[in-house]
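To start, the structure itself, in structure tokens.
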Protein chains: 2
Amino acid sequence: MAKAPVLTPRDIDFPRWYQDLINKAELADNGPVRGTMVIRPYGYGLWERMQQEMDARIKEAGAQNAYFPLLIPQSYFTREAEHVEGFAPELAVVTHGGGKELEEPAVVRPTSEMIVNDYFSKWVQSYRDLPLLINQWANVVRWELRPRLFLRTTEFLWQEGHTAHATQDEARDFAAHIHRKVYEDFMVDVLAMDTVAGRKTVKERFAGAINTLTLEGMMGDGKALQMATSHELGQNFAKAFNTRYLSKEGKQELVWQTSWGSTTRMIGALVMTHGDDNGLRVPPRLAPVQAVVLAIKGDDAVLAKVREIGDRLAAAGVRVRVDDRTDTPFGRRAVDWELKGVPVRIEVGPRDLENNSAMLVRRIPGGKEPVALDALPGMLPAILEEDQALLLTQSRERRESRTVDVTTIEEAVEATAAGGWARIPWASLGEEGEVKLAEHAVTVRCLVAGDGSVPDTDDAPGNVAIVARAY
Amino acid sequence: MAKAPVLTPRDIDFPRWYQDLINKAELADNGPVRGTMVIRPYGYGLWERMQQEMDARIKEAGAQNAYFPLLIPQSYFTREAEHVEGFAPELAVVTHGGGKELEEPAVVRPTSEMIVNDYFSKWVQSYRDLPLLINQWANVVRWELRPRLFLRTTEFLWQEGHTAHATQDEARDFAAHIHRKVYEDFMVDVLAMDTVAGRKTVKERFAGAINTLTLEGMMGDGKALQMATSHELGQNFAKAFNTRYLSKEGKQELVWQTSWGSTTRMIGALVMTHGDDNGLRVPPRLAPVQAVVLAIKGDDAVLAKVREIGDRLAAAGVRVRVDDRTDTPFGRRAVDWELKGVPVRIEVGPRDLENNSAMLVRRIPGGKEPVALDALPGMLPAILEEDQALLLTQSRERRESRTVDVTTIEEAVEATAAGGWARIPWASLGEEGEVKLAEHAVTVRCLVAGDGSVPDTDDAPGNVAIVARAY
């Protein structure tokens, strides 16, 4: 008789599988205010590792962290017309503070362009103050009518970068650097996620930007997910806030700006990219716990041995946890670590002690084999790198095998309905075709150049639109 | 002719000196919504270092990080009577979301006991789930009528720990562990701040706690500042949220809880403890920049040399920055680093190159001397540790020299008005005396036992009250 599945299988109901996994792997719970979430310790551990890796790359790019207020006067939101139109329907508004109605309501930040630019206009005086490269890690609130944990939540955590430059070229280069050298590098190298780097169409651009660069990932069901975006803001906000600098030539000039963000949505992407019917599979370079050493039984010799193995693996640079909670049945703990997607389990019972061996269980390729304990610390780093590479390969193969080249809107709709992406020449789609696709809940995820690079304009010859259903 | 001071001298106007320093060292700005603040990159760099050091200690204590929602249904605040009474006057309330009035208003969290306990009651089922040790790094909002940057702000950043235990003893021990081994260890060892560890009187306790442990620091003007608190919550919140566990004996029992927090206020404390009339002095173990290497002039040989020194110091494990912004006058940059309190400046000009030497300027003890460049990487670690120790000694000497033993309320008021602390037997002060002190804006900062330890009860024989004016 087959074992009852722990999760709803993906083939039967992908959204339900996702909810089951988030719940049973203890990643997050729904919050009491609609659309909010509680990120549980294991889910937050994934986010902490994402923060560490991203923060290092952001600092390497020259940006410094700072912190701007959560509450923004409502009047600020009228300053940049497109921006306010984009965000108005999603705002949460504080009308009372300290027991009184406020003279001016305050908006809980949905993003910080408005308040950051208020300060940039004070801090930037001369060309010596440029480039000004700022990042913040913060929570934001955008009222969400159809919430889904990690993917669409009323409150989410993110980093948002905001920069000011002397020239348009510098701003453009910096937005591109963040796009490829920070975001894409992180996603490919750490998250083991194959992504497509491209530019958004005018319709899909960030409200207030002159260009939005994006990374799009294909999820396990063939839908697309926008992983992170980097925007050229041109001088739109500089004009709204009169952010000027004295040039070397002694002239007052408006700055050129960028902004860029990535969010806790990446945790949802991780689940939907690498998860299988047994749970999550965490790429080893990201994993807060790369290996767990389990005591099968609670006798003293076994407990001493698992602790010793834990110490030896930690000394070898492996992020390891010892599971000696032998008052919980071993089978339940094994299933739990499988759900949580820890790359390697090392299981130790009384009989293993005699042989000085342990059972090595690999979550990512699957399979188990007995290994000599003395060999373990030397073996693990290579195993973890092998598993990291396998996840990236699987992600790439999925995208390649489920993307088709098409020439008509009908073919594009058909391909995406079957659970995949379509590539269609932008010249034959165009903005009118984009509107037609929307009627089928299909969107242009991004434009890429014929050679796969990121095009400089929407209408460059040979541009191809990647179209898909999306989260 | 004396140089005009960069800051208002402390002796002339301490609060104005504080504001000047925060502003000129570029630590923070006032936000547009009253009482909020923008933490600028240099100020945020201090906070990031505080977070790193604290987070390591919190994890060492066994707690895991998680994240709870910013928005809490207003009705939750009625569940614990004392707690709601304590926080009601400070709440910020969201009444509109997504363009509509909300059915139930949501409170922007002033602290998270209410929402954390809602989930603890779901997550805790059996004794196997205990202790449950959670921490979160987050922003909170408490409407502030008399704001002062870092010290009292409507929004601030903090960590808040929340734990649940099987027994009262375990909860008490954990609250004490956080108090001494996390908070006090961090403050003494990293912030180089002498603090007094004690318990709060009933009047000064956290709303909803059965015991509040505190660390109190003496600022440069002799006033006290509460640095961090750790609370035993007893079963107050467990009762309000019906948080029970199945004991080993098969009985349903209420959990025992703690909560504990420390905030961006510590940045204000750092300024007021170690700052002098020339600016901040940052303890080397905390300092995001321990040494700055300045190019006095912009010729190629000097620029190459400062970069080389920077690389060598970084290789020696020093957190170093190279200042090669020679389009800004050297004098202005030197004053700026002095204001920012970077412990060591290494100044290199064309003449230094000939001698293969540099000028070493020490911010903490003061003074400058030429040093051989080759000796520098070897010298610096010992110099930084010496400066770290000096700051702690100065902080301790200030507290000791400005604390007096008194026996009457009149003497206590006199001592605190003169800019210091008074120690008075709790038996001769009592709750009535505490009320009288309040008429003079003097508060009992904490109770300590006769031998300097933290007493187990307010009324233990020999308890001494530390009384002071406070921030």
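Just so we're on the same page: letters track the sequence lines, and every chain starts at 1.
Note: B:Leu157 leads B:Thr328, B:Thr153, B:Leu157 in heavy-atom pairs under 4.5 Å with chain A. Between chain A and the options B:Pro73, B:Gly43, B:Ala28, B:Gly99, heavy-atom pairs under 4.5 Å are most frequent for B:Pro73. The choice from B:Leu91, B:Asp327, B:Thr36 that makes the most heavy-atom pairs within less than 4.5 Å of chain A is B:Asp327.
For chain B, the nearby part of A:Pro89 is the backbone; its heavy atoms alone come within less than 4.5 Å. Heavy-atom distances place no part of B:Leu145 under 4.5 Å from chain A, backbone and side chain included. There is no contact between B:Phe156 and chain A, counting heavy-atom distances below 4.5 Å. Heavy atoms of A:Val141 lying under 4.5 Å from chain B belong exclusively to its side chain. A:Asn65 touches chain B through backbone and side chain together, each having a heavy atom under 4.5 Å away. Only the side chain of B:Asp55 has a heavy atom closer than 4.5 Å to any heavy atom of chain A. There is no contact between B:Glu144 and chain A, counting heavy-atom distances below 4.5 Å. Residue B:Tyr76 touches chain A through its side chain alone, counting heavy-atom pairs closer than 4.5 Å.
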| said: B:Leu102 vs A:Val33, test: side-chain contact (heavy atoms from CB on, under 4.5 Å). Steps then yes/no. | reply: CA-CA 10 Å; B:Leu102 302 179; A:Val33 170; over 6 Å; no
| Test salt bridge (Lys or Arg N to Asp or Glu O under 4.0 Å) applied to A:Lys59 and B:Glu48, step by step | CA-CA 13 Å; A:Lys59 285 178 173 151; B:Glu48 284 183 296; 2.9 Å; yes
| Audit row: B:Tyr44, A:Ile134, side-chain contact (heavy atoms from CB on, under 4.5 Å) steps and yes/no | CA-CA 11 Å; B:Tyr44 199 80; A:Ile134 299 288; over 6 Å; no
